[in-house]
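In what follows, a structure is listed as structure tokens, so that the remarks can point back to it.
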Amino acid sequence: MTRLEDLLTISAERSPGSTALIGPDGVERLTYAELDAITHRIARALVDRGVRPGDRVGVLAAKTPWTIASLIGTLRAGAVYVPVDSASPATRVARIIRSAEPTVLLADATATKLVDGLVEEGLSDLTVGSLEAPLAGERFTSAFARSDVEALEPTAPAAVGRDELAHLLFTSGSTGIPKGVMITHDMVSAFVDWALGHFGTKPGDRISGHPPLHFDLSTFDIYATLAAGAELHLVPASLGLDARRTAAFIRDRELTQWFSVPSVLTYLARFDAVAQDDFPALERLLWCGEVLPTPILAHWMRRLPRVRFTNLYGPTEATIASSYYDVPAVPEDESVPVPIGVPCAGESLVVLEDGRPAPVGEIGELYIGGVGLSPGYWRDQEKTDAAFVTGPDGERIYRTGDLARVDAEGVVHFLGRTDSQIKSRGYRIELGEIETAVNTVAGVKECAVVGVDLGGFEGTTICCAYSVAAGAELAVNDMRRAVAALVPRYMVPAKWLVLDELPKNVNGKIDRPVLRERFRPTEGA
Ligand code: AMP
């Protein structure tokens, strides 16, 4: 298998002058030769700062060409990068940093306040390298800046003892502590190999880079683009869910591939931002991460009849995607979700019922095996052992927590979750993580967080009901503010209910189905 930084090296040797990365502003551009040279310089800078093979390098920066170069530079140093959501509160990021123990943090100006917050959280010995001008927060000063890196020779240090881990991706954890999924070079390069063959990605392709860098979907954009010698167009985070500007981006950049979570496609369809036969350069449109509602898919397929549409499915623990479904024609029945399809090369999808393969058509729990499987969660053997288990044929498989069935053609259909993990705007969220945060707010007696499908654009709506301890006062606004300091914005409940007592079932447990109903608007209301 190829190491990920070598995918860049090979393309840089083949076509040094081709454009590799185009920044969100459309102005900043790096050719393959330039990107390659920067990654060597960054590797040198990291090694000079004491980064050794296997060490972690935290990355707290906006998605720009230099940030991407810093990820690959980390790999060249034989180290492991940890991209962190710099929009998360310092308390949560501090937990991730404490767990990953990075030797160096690479940051940009967008993260200055956050790094200050980390120092305030007690992380006082951080070595911060700036990807731009020197950073100086209230409590820290950057140890080196972009100009220092640019002054170095573009020769990476000798490649000895590189780590097979490429990066750690922290996802929401049900007990309130984010889990670090360990991703190896082999896992990503196996998927990239399959994807290049399946989609026929070629030099000159213009590929979207939409997901944030802490989402595993972004690794597909980066490494498949670089392996193909294509152009990666980083989508501005400021587009958010602005349908018209997103459509204009696809049109103006003449993208040949768009890949995002479904909510973006839903917005564009609902705001009618896609004209008939729009985006003449677009060849394929891919989505992953959650269900794309079939009426939305049908709308896109009718508007863009020449485009190929592919549903990709898979959890971070099994790398980007494990199965695919090329939608053959506009779905006739819009009430039926499209399948998640068949395994990508080297992967396997197994539906088990009581530990045995479920008969054709029967619902069971979905497990994944094969080349995409992670070695497990960073420094958490217990969680690793609980999620990565032995299958009926003795193979190592990952318990997805998804419900599925396999049809007579061997095609897999996704049917929902077995637990309280939800997706909102593509973000993977454990409701337990939010509950843990709510419970830490002084004055809360009891709380429950439930996901309710209210038919909105963003998928599941996060709803929180709580009761207040005797003598305490806790208005919804105070509660919202307190919780927003503990979890990222996308995890803050959108709906709140203060109750004297939470509803209980016969076993005395919080009755979540009843609670979910309480959040639904009443008929005629
Ligand atoms: P993540 O680790 O963020 O990729 O989340 C993985 C989970 O997202 C899976 O276990 C599924 O519950 C859900 N998921 C991913 N892709 C799809 C898809 N194409 N259709 C339905 N659910 C999906």
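Remember, it's 1-based here, ligands and their atoms both numbered in the order they're listed. Along the sequence shown, residues are numbered consecutively beginning with 1. Computation of the quantities below employed the complete heavy-atom set of this structure, encompassing side-chain atoms and omitting hydrogens, waters and symmetry-equivalent molecules. Fair warning: this is a prediction, and the values are worked out from it, not measured in the lab.
- Between the choices A318, P339, G289, G341, the shortest heavy-atom distance to atom 14 (N) of ligand 1 belongs to G289.
- Once rounded to the nearest 0.5 Å, the distance linking CG of L454 with OG1 of T460 reads 9.0 Å.
- Taking the six-membered ring for Trp and the full ring otherwise, Y427 and F215 have centroids separated by under 6.0 Å.
- Considering both main-chain and side-chain atoms, W287 never comes within under 3.5 Å of ligand 1 through any nitrogen or oxygen pair.
- Residue contact check: R417 has heavy atoms under 4.0 Å from atoms 10 (O), 12 (O) of ligand 1.
- When each of V487, V450, I462 is paired with P493, the side chain to side chain contact (heavy atoms under 4.5 Å, CB included) condition holds for I462 and for no other.
- A ring-centre distance under 6.0 Å is not found for Y398 and Y367.
- The CH2 atom of W378 sits 5.5 Å away from atom CG of L168, with the distance rounded to the nearest 0.5 Å.
- When only interatomic distances are considered, the shortest N/O to N/O separation between Q421 and ligand 1 does not fall below 3.5 Å.
- For N311, every heavy-atom contact with ligand 1 shorter than 4.0 Å involves the side chain, none the backbone.
- In this structure, SG on C463 lies 10.0 Å from CZ on R516, to the nearest 0.5 angstrom.
- For I340, no nitrogen or oxygen atom sits less than 3.5 Å from a nitrogen or oxygen atom of ligand 1, counting backbone and side chain alike.
- The closest approach between a heavy atom of V291 and any atom of ligand 1 is below 4.0 Å.
- At under 3.5 Å, a nitrogen or oxygen of D402, whether backbone or side chain, sits near a nitrogen or oxygen of ligand 1.
- For L118 against A90, the heavy-atom pair with the smallest separation is CD2-O, 3.8 Å.
- With respect to D205 and R284, a salt bridge is recorded, a charged nitrogen being found less than 4.0 Å from a carboxylate O.
- For the salt bridge (Lys or Arg N to Asp or Glu O under 4.0 Å) with E317, the lone residue among R399, K383, R428, R396 that qualifies is R428.
- The backbone and the side chain of Y313 each have at least one atom closer than 4.0 Å to an atom of ligand 1 (non-hydrogen atoms only).
- Remark: ligand 1 atoms within the under-4.0 Å shell around heavy atoms of L312 are 16 (N), 18 (C), 19 (N).
- When each atom of ligand 1 is checked for a heavy atom of G314 under 4.0 Å away, the hits are 4 (O), 6 (C), 15 (C), 16 (N).
- Nearest protein heavy-atom neighbour of atom 18 (C) of ligand 1: E290 O, 3.6 Å.
- Residue contact check: P315 has heavy atoms under 4.0 Å from atoms 2 (O), 4 (O), 6 (C) of ligand 1.
- Looking only at protein heavy atoms, the nearest one to atom 5 (O) of ligand 1 is K423 NZ, 3.0 Å.
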